[in-house]
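One structure below.
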Amino acid sequence: MGMLCVIMILVASASPETTKPHSLSATVIPIDPGLIYPDIGYEYFFTEHDAVGFSSGVGLINRFTYTRKFGSFCAIGSLGIITPDWDFHRIETFTALSLEYRYNLGETLYSRTVASAVFLEEMPYDIPLIPVFQIGFGWRF
């Protein structure tokens with residue numbers, strides 16, 4: 001994971017600047033009524049349509065992302081780890097494919113709606129994927 005982070009930083013620093021290439025976002029994942037799970041993310045757009053980033057959900061779910069932007073929509077591929085109850089002996093890796101809709105609320109603020117399909121190494125209950133829904137806001141700078 002550390003080597004992948006170094007590669008992402010090198011790609012980001014070697015790429016030309018675009019207008020507002022950085023983006024921070026905060027979303028929530030409504031798991032069941034009364035329980036929401038916060039997720040914080042950072043993206044660096046190294047072209048007008050391509051970004052690399054990192055997201056973390058309370059430190060338990062951490063992932064590297066690649067984003068491809070198509071107008072108001074984004075296709076996102078993620079590779080990450082889940083650390084249940086911060087028990088580093090039970091780390092599980094996962095991949096995820098997501099579709100995001102961004103609605104501009106001004107020059108720098110936007111809302112996010114994300115639908116994802118998560119694939120774990122060992123899926124529980126013999127299901128093919130875990131659906132995840134997120135809503136939140138982002139800020140470009």
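Throughout, residue positions are numbered sequentially from 1 according to the sequence presented.
Within the structure, ring-ring contact (aromatic ring centres under 6.0 Å, His included) pairs that include any residue of residues 122-141 comprise H22-F141, W139-F141 (at least two apart or interchain). Within the structure, the salt bridge (Lys or Arg N to Asp or Glu O under 4.0 Å) test picks out no pair touching residues 70-84 (sequence neighbours left out). Residue pairs satisfying the salt bridge (Lys or Arg N to Asp or Glu O under 4.0 Å) criterion with at least one member in residues 107-120, sequence neighbours excluded, are listed as follows: K20-E107, E100-R112.
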side-chain contact (heavy atoms from CB on, under 4.5 Å) evaluation trace for Y110 with L105: CA-CA 5 Å; Y110 61 91; L105 300 171; 5.5 Å; no

side-chain contact (heavy atoms from CB on, under 4.5 Å) evaluation trace for N62 with F54: CA-CA 7 Å; N62 299 294; F54 178 80; 3.8 Å; yes

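Remark: E122 pairs with no residue by the salt bridge (Lys or Arg N to Asp or Glu O under 4.0 Å) rule, at least two apart or across chains.
Proximity of I76 to S78: side-chain heavy atoms (C-beta onward) are separated by under 4.5 Å at one or more points. Annotation: side chain of I82 is not in contact with side chain of E121 (no heavy-atom distance under 4.5 Å).
Here the straight-line distance linking atom CD1 of I29 with atom CD of Q134 works out to 4.5 Å at 0.5 Å rounding. Atom CD1 of I61 sits about 10.5 Å away from atom CD of E92, to the nearest 0.5 Å.
Under the 4.5 Å side-chain heavy-atom criterion for grouping Ile, Leu, Val, Met, Phe, Trp and Tyr, L99 is not connected to I135 through any hydrophobic cluster. One hydrophobic cluster, built from ILVMFWY side chains closer than 4.5 Å, holds both V132 and F94. Hydrophobic clustering (side-chain heavy atoms under 4.5 Å, transitive across Ile, Leu, Val, Met, Phe, Trp, Tyr) groups V58 together with I130. L60 and I40 end up in different hydrophobic clusters when Ile, Leu, Val, Met, Phe, Trp and Tyr side chains are linked at under 4.5 Å.
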Name every donor-acceptor pair, under 3.5 Å, that has one atom in a side chain of residues 66-74 and the other anywhere in the protein, sequence neighbours excluded.
{"residue": "Y66", "atom": "OH", "partner": "D50", "partner atom": "OD1", "Å": "2.3"}
{"residue": "T67", "atom": "OG1", "partner": "E43", "partner atom": "OE2", "Å": "2.9"}
{"residue": "R68", "atom": "NH1", "partner": "D50", "partner atom": "OD1", "Å": "3.0"}
{"residue": "R68", "atom": "NH1", "partner": "D50", "partner atom": "OD2", "Å": "2.9"}

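For S55 against G41, the heavy-atom pair with the smallest separation is OG-CA, 3.6 Å.
Partner of R63 under the side chain to side chain donor-acceptor pair (under 3.5 Å) criterion, chosen from D39, T95, T93: D39.
As a member of the Ile/Leu/Val/Met/Phe/Trp/Tyr network built from side-chain separations under 4.5 Å, F119 groups with L97, L129.
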